[in-house]
There are 2 protein chains.
Amino acid sequence: MNILFIMYDQLRFDYLSCAGHPHLHTPNFDRVAAQGVRFTNAYVQSPICGSSRMSYYTGRYPSSHGAQWNNYPLRVGEQTMGDHLRKAGMDCWLIGKTHMHADKEGMERLGLDPDSVIGARQAECGFDVWIRDDGLWAQGPAGFYDEKRSPYNVYLKTKGYPAENPWADHANAGVKPVNRIASGWMFENADRPANIHEEDSETAWLTTKTIEFMQQAKDPWCAHVSYIKPHWPYIVPAPYHNMYGPEHVPPALRDNRERDNAHPVFDGYMNNKVGQAFQRDDTRQKVIPAYMGLIKQCDDHLGRILDHLEETGAMKDTMIVLTSDHGDYLGDHWMGEKSLFHDQSAKVPMIIYDPRDRANSTRGKTCDALVESLDITATFIEAAGGEVPGHIVEGRSLQPWLDGDSPAWREFLISEFDYSATPLAEDLSIAPRDCRLFMVFDGRWKMMHAEGGFRPMLFDLQTDPEEFIDLAKTHGFSDQLDRLYGYLARWGRRMSQRVTKSDQDIIDMRGKAGLKGVLPFMYDGEEVPRALTQYYRGEAPELPEK
Amino acid sequence: MNILFIMYDQLRFDYLSCAGHPHLHTPNFDRVAAQGVRFTNAYVQSPICGSSRMSYYTGRYPSSHGAQWNNYPLRVGEQTMGDHLRKAGMDCWLIGKTHMHADKEGMERLGLDPDSVIGARQAECGFDVWIRDDGLWAQGPAGFYDEKRSPYNVYLKTKGYPAENPWADHANAGVKPVNRIASGWMFENADRPANIHEEDSETAWLTTKTIEFMQQAKDPWCAHVSYIKPHWPYIVPAPYHNMYGPEHVPPALRDNRERDNAHPVFDGYMNNKVGQAFQRDDTRQKVIPAYMGLIKQCDDHLGRILDHLEETGAMKDTMIVLTSDHGDYLGDHWMGEKSLFHDQSAKVPMIIYDPRDRANSTRGKTCDALVESLDITATFIEAAGGEVPGHIVEGRSLQPWLDGDSPAWREFLISEFDYSATPLAEDLSIAPRDCRLFMVFDGRWKMMHAEGGFRPMLFDLQTDPEEFIDLAKTHGFSDQLDRLYGYLARWGRRMSQRVTKSDQDIIDMRGKAGLKGVLPFMYDGEEVPRALTQYYRGEAPELPEK
């Protein structure tokens, strides 16, 4: 079996027709959901690209792997999906984005050559690279955001796009009447068609690369197909740019009670530039149709992949996972972007198709078990026939749910967010190490704990599924808070760094020191078996049999 | 300034005359204490050799570095005292024991050659090795406990000791009338003189190696002089073997109330073979005088080092630290060995002499601040003129206390113990990952939390300095338990793995994405300064100045 691990960037859990979107029709996502299981309580370990992805790829919490925000390097030696799968005999390839930032200092300290196979995998988060394109070739007066070479820009140049940075001026910009670009960064341009042929746009290009990969790949493989879209800049080529309009934009899910005595961190996010921009109706009416168009385009290209799999007969031996690294507030809760833990941000689509007969009983079903993105690495290791190294990977395989079993499962899940690199840290005068937020969610109650001396936030999703009413503002919920803080404390004590000894290694160690002569408890040797007694008393000229 | 970081293995905090021992006179320890500061509340991060040492050497908690028991490899890439000191321009040498177990699998995964300088340092916990001798050359039917080559055994052979394993048969055994060895493993032999000339014993040999090192070392250096003694086997050469007798053995500090409804983990330790052996009066009367003799011998050899420093004028530019990796129950609390968190086990001597004038005001004083062994790495980095990397090193420099300042300081300290590799794990049917104990101590109240569903233990050292009365057996202390559990939860949420980004790196990152073209919040560009607006609107044909 091969694994197609498809990630869309910033795709909200509810912007799919199978998840109930009223206007957006995504027949290809739905086609996978109809043959697989759609997990309806899947949360990322951090609602931010880089950190979330490092958790997907390592199967470990941000606090465990340490890459707690975008461009925080993943420490050298941290083991990833690629390491585990290759150990189980499966290759692990990257096609698209990871947001991996190599630990150059650590690699240099260990003398690792970035051009060696080992060094390259360390630098690429354990993947072998078919194509790496993080999709943010932004450029400003201080240079490029991403200093690597953009294969996508190279592609566009070979196709004759004339700009110096065609990613910026063609794929992510429209054209203005005055013959200047209309940057996709500016929301007022979101309803323009991108200045590019659809077949040359990022989603189309990466899909072609994916099909090229599959046409030559040697089984068994795992391919992480990782699209930048529907992540901003919010602009999409024709015909997707005007498939949806303001009439398809739902009212913002926001409530004045949220602004009343708001938690200072939430308040900061509501009032930052992103929040302010998304509080404007004109922003939402321009951006959301473009966002929907981007998803529609993703769906069409997913169709190309599915068609390819069907035409080549590969559907029967390819596991498919469709997911995202986090959501997008889109103006809900007075916010834009991601960052906090409302479902719009921390919850993601998670659809898994297992081609094997064992999964026949669950096809087309949903599962509301509490899923963490950590579980993906564990699921893949099991799918590859390996054993999940529980002393390294903190997630659990989702296979039992695919098989129709109901295993004893986690009672709560954790997500984390670190805002230390943002202006909010300064506004609130919080030291970098205290700019850390933790979500605890048990399926009904959702708590946010903030380091730095703040009160928590608390929502009851049963009585308040929109998460408008922060119950921690009032008294009367200390029992729930205590319980959720108890979960958080339990999680805080988890064993996450004993990565050099498995449980089995430890069990196998027991009692061995004695046979190697370490016996610091004998008064006169009567405490140990006769053969050993003789040995240690110097009475046995011959060693007992080894 | 150079640093002499001297560690004695299993040296109890109270077996020194400067710490009030009634019979044991240790003038050389006292000599350092008289010129330095003696910290009276210094605790190790884990009362077991290997884990404790990895915390000393990394400045990180066992749960952070992951080497949670003896011979659990320290993961490749984990940074140590040696890494930090070399960065600050100071060499870092090892003379003696570390109990380091190399992460061979990790090194192989990263392609590190163990014979390269980088590989050797990885394998040696960051030290450059002057001499490595872990001092446990035990041998049994299953082979050697320590598979390395023993330089001490090589030395003994060159001196003509005839045994195949002279460590076992000479240094750690006496002679019986029938011309057979009397193994030091057996307590009945503890009052015999070791079968070796005193000047060839381990403590003497390592001291000679230390002086040889100092005679040639190039400043500035840190030398970790790490004696195996007074660690078992409890046997000492003449004349130390009969300097002390049963008349110098204090009554065991134990109380029948401890056995009544004891915590199951404590109960397991009281009733294991070590505990049973040390409950025998004949054990204590044989072992403790030998233990005292071993310490007296250490003190005499410390005198050799101090004399050398004085004779060479090096006292004025050598910082000296005297400490231990954990204590020894010696029958107190019905226990032998270490493992749990009573002061006999988790508290250590900690004497620091700073030769600089800045420390003149504190010479000969004691300090009762809550010191963790983690603090040593931080102290040395500061002494070497470096900056303590707070995102890696979890300890704090003790320098302010040496300078006579009273800094705001930690409210509690943490120690950990993992018994997953012991038979107790099986006896209690506890999974390896749940065999973890945590101590929280605030200077008065000491709590032990045990994973696996057990109740805690609680002592009030103000009203019960002997730690006989476990207050968690009774009701009435839930406020204290809640408070200490709150500390433990706070500690559990600590930031320990973000080792690739310093606080300053993060502060420097802020706001930079915008200048690199990532501006996902603009409606029409009015939100940003004019120059940038033009830039992003495509209206500025020239880039603004970089």
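Residues B:Y72 and A:D505 form no side-chain contact, since every pair of their non-hydrogen atoms from C-beta on lies 4.5 Å or further apart. Proximity of B:R493 to A:H449: side-chain heavy atoms (C-beta onward) are separated by under 4.5 Å at one or more points. Between A:Y523 and B:V287 the shortest side-chain heavy-atom distance does not fall below 4.5 Å. The side-chain heavy atoms of B:E105 and A:T500, taken from C-beta on, include no pair separated by under 4.5 Å. Contact annotation: the side chain of B:M495 never approaches that of A:S63 to less than 4.5 Å [non-hydrogen atoms, C-beta and beyond].
For B:D103, the part lying under 4.5 angstrom from a heavy atom of chain A is the side chain only. Heavy-atom distances place no part of A:D146 under 4.5 Å from chain B, backbone and side chain included. For B:S64, the part lying under 4.5 angstrom from a heavy atom of chain A is the backbone only. The part of A:W69 that comes within reach of chain B is its side chain, from C-beta onward, which places non-hydrogen atoms under 4.5 angstrom from that chain. Using a 4.5 Å cut-off between heavy atoms, A:F144 touches chain B through its backbone atoms (N, CA, C, O) alone. Heavy atoms of B:N70 lying under 4.5 Å from chain A belong exclusively to its backbone. Using a 4.5 Å cut-off between heavy atoms, A:P73 contacts chain B through both its backbone and its side chain. Contacts of A:K286 with chain B are made by side-chain atoms alone, with heavy-atom separations under 4.5 Å and no backbone atom involved. Residue A:R109 touches chain B through both its backbone and its side chain, counting heavy-atom pairs closer than 4.5 Å. In this structure, no portion of A:Q276 lies under 4.5 Å from any heavy atom of chain B. With a threshold of 4.5 angstrom between heavy atoms, B:E147 approaches chain A through side-chain atoms but not through N, CA, C or O. Residue contact with chain B, scored on non-hydrogen atoms closer than 4.5 Å, involves the backbone and the side chain of A:T283 alike. For A:S420, the parts sitting under 4.5 Å from any heavy atom of chain B are the backbone and the side chain alike.
Annotation: side chain to side chain donor-acceptor pair (under 3.5 Å) contacts of A:R86 (sequence neighbours excluded): none.
With chain B as the partner, the residue from A:D508, A:N71, A:D282, A:L136 showing the most heavy-atom pairs under 4.5 Å is A:D282. For the options A:D418, A:V76, A:L112, heavy-atom pairs under 4.5 Å to chain B are most numerous at A:L112. Of the listed residues (A:C435, A:A421, A:G492), the greatest number of heavy-atom pairs within a distance under 4.5 Å of chain B belongs to A:A421. Note: A:K501 leads A:K501, A:M509, A:R494 in heavy-atom pairs under 4.5 Å with chain B. The candidate with the highest count of non-hydrogen atom pairs below 4.5 Å against chain A, out of B:E451, B:K104, B:R490, B:H101, is B:E451.
To the nearest 0.5 Å, the span separating CZ on B:R510 from CG on A:L424 amounts to 9.5 Å. Residue B:T422 holds its OG1 atom at 10.5 Å from CD1 of A:I506, rounded to the nearest 0.5 Å.
Closest of all the heavy-atom pairs between A:L110 and B:G77 is CD1-CA, 4.2 Å.
Each of B:Q68, B:H65, B:R75 was scored for a side chain to side chain donor-acceptor pair (under 3.5 Å) with A:Q497, with one residue passing: B:R75.
Salt-bridge formation is not detected for the pair A:R498/B:E416: no Lys NZ or Arg NE/NH1/NH2 atom is positioned less than 4.0 Å from an Asp or Glu carboxylate oxygen.
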